[in-house]
Protein chains: 2
Amino acid sequence: MNRIKDARGFTIGRLSKMTGVNIETIRYYERIGVMQAPDRTANGYRQFTHNDLKRLSFVKKCRELGFSLEEIRTMLVMVDSENLSCGEIHDMTTGHLAAVEQRIRRLRKLKGVLKKMADQCTQGDVPDCPVIDALFETT
Amino acid sequence: MNRIKDARGFTIGRLSKMTGVNIETIRYYERIGVMQAPDRTANGYRQFTHNDLKRLSFVKKCRELGFSLEEIRTMLVMVDSENLSCGEIHDMTTGHLAAVEQRIRRLRKLKGVLKKMADQCTQGDVPDCPVIDALFETT
DNA sequence: CCTTGAGCCCGTAGTCACTACAGCCCGCAA
DNA sequence: TTGCGGGCTGTAGTGACTACGGGCTCAAGG
């Protein structure tokens with residue numbers, strides 16, 4: 001029975017649970033064209049296929065890796081057109097990697113400043129705080 | 001002459017140049033109450049004071065350190081009410097620090113995955129890409 | 001005196017990636 | 001039959017801006 005049900009497709013709630021992607025987000029992806037509009041049952045419910053499941057999992061993984069929906073769209077266009085160039089994907093990935101590294105560097109610097117500020121704090125109830133002073137300095 | 005001009009305050013453009021904060025952003029800060037509405041000249045132009053300059057620089061530094069406008073608002077309320085508790089500020093700073101450290105950890109993990117994927121790429125024009133394969137895998 | 005251009009004004013809409021909500025319908029179990 | 005858990009749509013809100021359109025003012029140049 002389950003196999004027949006699966007063959008007929010899943011509802012949005014089931015797909016949501018399987019992928020961990022919010023129902024509203026799935027509908028959003030459909031609206032902006034990242035997911036194709038699925039078939040509907042007689043009562044208007046969306047019917048997702050195993051293909052949709054794969055596609056949505058792909059999108060989710062990419063999002064978790066920090067790719068923008070725009071980047072994901074580009075990848076999906078390549079996938080859909082079967083005009084996949086490994087070189088292009090490599091470039092996108094390394095480009096994205098560079099951005100991530102940059103972000104890490106920035107955050108590390110930031111962390112240093114925050115740590116230094118916090119360390120100078122007396123933590124008292126007194127109305128005198130080196131953090132605020134530091135931030136108000138006209139350097 | 002310059003001193004008199006300064007005493008009368010600066011225009012929004014001048015403040016923008018001095019702080020590096022976009023004009024639109026300054027108006028936005030006024031709208032949401034992070035900056036107080038300044039006096040106006042006869043022709044309706046905003047007239048910012050040296051105090052505004054200090055405040056805006058403070059906001060900018062905080063933003064660069066990754067504090068949200070909501071957090072900044074909290075700090076400014078303390079500053080304004082002169083009810084400044086160094087302990088509270090310390091807590092905010094270390095809390096923020098923890099968040100930053102978490103973000104760094106996540107990004108580092110992500111970087112590892114991206115690097116591994118990119119390294120597996122043949123970079124060829126062939127329609128076969130380990131990155132896409134990896135992302136489409138049902139793990 | 002007139003024009004031109006820079007700078008200011010306001011209000012609104014767009015960005016990204018969702019999330020939330022209102023108000024409705026549908027199917028199933030008690 | 002009534003309640004409940006799902007599904008549907010369309011719209012608005014989030015954060016932190018950014019952009020734009022249409023109009024006003026001011027100083028300098030022709």
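Reminder, nothing fancy here: chain letters follow the sequence lines and each chain counts from 1.
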(request) Check for a donor-acceptor pair, side chain of A:S16 on one end and backbone N or O of A:I12 on the other, with a separation under 3.5 Å. (result) no
(request) Report yes if the side chains of B:L65 and A:M117 come closer than 4.5 Å at any heavy-atom pair, otherwise no. (result) yes
(request) Using atom types as modelled and distance alone, determine if a side-chain donor or acceptor of A:E71 lies under 3.5 Å from a backbone N or O of A:S68. (result) yes
(message) Quick check: is A:Y45 connected to A:M35 through a chain of hydrophobic side chains (ILVMFWY, heavy atoms under 4.5 Å apart)?
(response) no
(message) If you assign each of A:Y28 and A:Y45 to its closest nucleotide in DNA chain C, which residue comes earlier from the 5' end?
(response) A:Y28
(message) Both B:A42 and B:L69 contact DNA chain D. Which one's nearest nucleotide lies toward the 5' end?
(response) B:L69
(message) Just the rounded figure in Å: distance from P of C:dC25 to CD1 of A:I12.
(response) 20 Å
(request) Please determine if a side-chain N or O atom of B:R40 lies less than 4.0 Å away from the OP1 or OP2 oxygen of C:dC10. (result) yes
(request) Measure from the side chain of A:N22, starting at C-beta and using heavy atoms only, and say which of C:dT19, C:dC9, C:dC18 lies closest. (result) C:dT19
(request) Output yes when at least one side-chain N/O atom of B:R46 is less than 4.0 Å from OP1 or OP2 of C:dC8, else no. (result) no
(request) Nearest whole angstrom, please: distance from the C1' of C:dA17 to the CG of A:L65. (result) 16 Å
(request) Please step through side-chain contact (heavy atoms from CB on, under 4.5 Å) for the pair B:E88 and B:T74, ending with a clear verdict. (result) CA-CA 10 Å; B:E88 267 179 88; B:T74 306; 5.6 Å; no
(request) Indicate, with a heavy-atom threshold strictly under 4.0 Å, whether B:F67 touches base, sugar-phosphate, or nothing. (result) nothing
(request) Could you tell me whether B:I23 contacts a base, only the sugar-phosphate backbone, or nothing, with contacts defined as non-hydrogen atoms closer than 4.0 Å? (result) sugar-phosphate
(request) Using whole Å, report how far CZ of B:F10 lies from P of C:dC8. (result) 13 Å
(request) Could you say whether B:S68 or B:E24 is positioned toward the 5' end of DNA chain D, judged by the nucleotide with the nearest heavy atom to each? (result) B:S68
(request) Measure from CD on B:E30 to P on C:dC8 and round the result to the nearest Å. (result) 14 Å
(message) What range of DNA chain D does chain A touch, first nucleotide to last, counting atoms under 4.0 Å from its heavy atoms?
(response) D:dG6 to D:dT9
(request) Rounded to the nearest angstrom, tell me the gap between atom OH in A:Y29 and atom C1' in C:dC18. (result) 8 Å
(request) Taking B:T25 for its side chain and B:V21 for its backbone only, find out whether a donor-acceptor pair lies under 3.5 Å. (result) no
(request) Might you point out which heavy atoms bring A:L97 and B:L114 nearest each other, and give the distance in Å? (result) CD1-CB, 3.8 Å
(message) Considering every strand and a 4.0 Å limit on heavy-atom distances, what is the contact class for A:R27: base, sugar-phosphate, or nothing?
(response) base
(request) On DNA chain C, check which nucleotide each of A:N43 and A:E70 is closest to and give me the residue with the more 5' one. (result) A:E70
